[in-house]
Amino acid sequence: MALSSKIKFAAWVQYSVLDAKSHYNLVEGNIIAAMRKAAAMLNRVFVLDTNKQPLSPCHPARAKDLLKKGKASVYRRFPFTLILKEAKPDANPSPVQLKVDPGSKTTGLALVQDGTVIFAAELEHRGQAIKDALEKRRALRRGRRNRKTRYRQPRFQNRTRPKDWLAPSLKSRVDNLQTWFVRFVKLCNIQSISMELVRFDTQIMVDAEIKGVEYQQGELAGYEVREYLLEKWQRKCAYCGAKDTPLEIEHITPKSKDGSNRVSNLTLACHGCNQKKGSQTAKGFGFPEIQAKAKQPLRDAAAVNSVRWATWGMFKSTGLPVETGTGGRTKFNRIKQDYPKAHWIDAACVGESGESIQLAANHQPLLIKAMGRQSRQMCRPDKYGFPRTSAKESRVVKGFQTGDLVKAIVKEGKKKGTHVGRVAVRKVGSFDIGKVQGIGWKSCKVLHAADGYSYSI
């Protein structure tokens, strides 16, 4: 196997963060594939001293050397972290900035040290899953109330929502970011935070001559309006629906017919539709629904903006300095530096500090997906909403719980071999690892305990 030792170590790190869906076995072909994929993984390795005090993250080659010489051990696999076997009381780790690009479904995360991205991740939220679960519960409860039950007067006095209340599906996004902020603080020397606070600046769209903030002048103003329109019209032509083609800002009511430059009179069109429409109104061009849609608010964007403000409040409460920026400025910084579109790259380009960021070629972020920590229901209901099972017992069986990443070495029988993946436990001690069923608990070893998230590269 003619591969360098550096790539082999990167493959070992990669192998340590396999997703539950991968189901890799320790065979030569899969190891080679993992090595080639891991060669592009350039996230730094976090390092703690023996007292669990964070030090500066190191390159994977340096981490390999520490492990080879017996100076460190593996502390965590997600994200990959080493713990030294000696204390470093005089260590002075370089400051790290956490940069965040909040999103409705996926949030970009980047750790920047001295202008260089040393760690990147994309966090996938489970807001829609929470919303679906709440709607299902509501339907069951309503049905139960309406079937042969006594009349109960509506209650309202005990339903007052607290200040800054967020729907559970939205609050879960804030909680996810808070969880990962706390984890990063334990792993590196975070001294500041930068986040995208609003997707677009509504003031500058109404008054392009607004003063007081330098970046709102000139070229960047166009990015604010365009980002708003791209979000509103789903990045496609409003007339023919064409995607992945250059789009032009177009007036629904032409200026020749007293149309204004307000965003409620703007849409996006491909070059062909823009030329064909000419000086006609959208209604005259055969699209009367365009005008009605243009006046509709961005409800999803408003919901995400409320999460952004809650996230900002959470970060401010930590006492660290928090830099903020708009989505228009993020896009301006990214395009100016000729970087591709990605959630973690947007996070790195947030705010004034994102004007000059160094990214390594082929940098692969850690993909994090929120999975929840098992159901909160004490027992499962039937289709009528009545309990059909007993209350849940302890979810830990023989020291394992469903969702743990485990490695099982089976020495004989039909399941002979080495299996790595997420485990589903049973009370009798016979576990499922990935698609392989019936593996005894004595053959299993925990690689990473379930923490509510799944990971992949």
Side-chain angles (χ1 to χ4, degrees), residues 19-21 102-107 122-182 296-311 313-314 367-397 400-405 422-427 431-432 449-455:
D19 185 54
K21 299 179 180 179
S104 176
K105 297 180 179 180
T106 304
T107 292
E122 292 186 353
L123 173 59
E124 183 179 342
H125 301 289
R126 59 187 299 265
Q128 187 60 44
I130 293 175
K131 183 175 183 295
D132 293 342
L134 291 175
E135 289 181 348
K136 182 179 179 181
R137 185 183 69 179
R138 181 176 62 180
L140 288 171
R141 288 180 173 178
R142 284 186 174 181
R144 191 167 60 221
R145 293 191 189 104
N146 292 331
R147 286 190 305 272
K148 299 180 181 180
T149 54
R150 63 179 177 82
Y151 174 75
R152 293 184 296 174
Q153 290 184 337
R155 301 179 299 167
F156 296 101
Q157 292 182 354
N158 63 341
R159 303 301 174 94
T160 302
R161 291 174 176 172
K163 185 180 179 182
D164 300 327
W165 177 88
L166 283 175
S169 59
L170 298 179
K171 190 175 185 301
S172 69
R173 296 174 171 90
V174 182
D175 292 341
N176 286 335
L177 289 175
Q178 185 175 21
T179 295
W180 279 96
F181 168 77
V182 172
Q296 293 177 357
L298 279 172
R299 296 178 182 176
D300 291 342
V304 174
N305 282 340
S306 66
V307 172
R308 293 169 191 261
W309 282 104
T311 304
M314 180 269 294
L367 304 182
I368 308 168
K369 183 177 180 180
M371 303 295 292
R373 293 175 173 82
Q374 295 195 341
S375 173
R376 293 180 61 188
Q377 291 178 301
M378 293 305 298
C379 58
R380 298 293 185 182
D382 59 17
K383 64 180 180 179
Y384 301 107
F386 292 95
R388 64 177 178 83
T389 60
S390 59
K392 291 192 300 183
E393 299 179 358
S394 174
R395 62 181 184 178
V396 179
V397 177
F400 300 87
Q401 62 179 347
T402 297
D404 287 348
L405 180 65
R422 300 285 175 179
V423 67
V425 302
R426 295 192 186 97
K427 189 175 181 180
F431 299 163
D432 297 344
D451 58 358
Y453 299 89
S454 66
Y455 306 87

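Annotation: salt bridge (charged side-chain N to carboxylate O under 4.0 Å, His left out) contacts of Lys171 (sequence neighbours excluded): Asp175. With sequence neighbours left out, Gln178 forms a side-chain hydrogen bond (donor to acceptor under 3.5 Å, both in side chains) with no residue at all.
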| task | Report the C-alpha distance between Asp164 and Trp309 in whole Å, list the side-chain angles of each, state the deciding distance to 0.1 Å, and finish with yes or no for side chain to side chain contact (heavy atoms under 4.5 Å, CB included). | result | CA-CA 10 Å; Asp164 300 327; Trp309 282 104; over 6 Å; no
| request: In sequence, state the C-alpha distance, the side-chain angles, and the governing distance for Ile368 and Trp180, and then conclude on side chain to side chain contact (heavy atoms under 4.5 Å, CB included). | output: CA-CA 10 Å; Ile368 308 168; Trp180 279 96; 3.7 Å; yes
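For the residue pair His125 and Ser172, no side-chain donor N or O sits within less than 3.5 Å of a side-chain acceptor on the partner.
Taking CD1 from Ile130 and CD from Glu135, the interatomic distance works out to 12.5 Å, rounded to the nearest 0.5 Å. For the atom pair OG1 (Thr107) and CG (Asn176), the distance works out to 8.0 Å, reported to the nearest 0.5 Å. Atoms CE and OH, on Met371 and Tyr455 in that order, are 11.0 Å from each other to the nearest 0.5 Å.
Side chain of Arg308 to backbone of Pro102: a donor-acceptor contact under 3.5 angstrom is found. Looking at Asp404, its side chain does come within 3.5 Å of a backbone N or O of Ala450 through a donor-acceptor pair. For the pair Thr402 (side chain) and Val425 (backbone), a donor-acceptor distance under 3.5 Å is present.
Residues Lys131 and Leu134 fail the side-chain proximity criterion, which asks for heavy atoms closer than 4.5 Å. Under the 4.5 Å side-chain criterion, counting only non-hydrogen atoms from C-beta, Arg426 is in contact with Asp432.
Evaluated for a side chain to side chain contact (heavy atoms under 4.5 Å, CB included) with Lys369, the options Arg126, Glu122, Glu124 yield exactly one hit, Glu124.
Heavy-atom minimum distance, Gln401 versus Val423: O-CG1, 3.5 Å.
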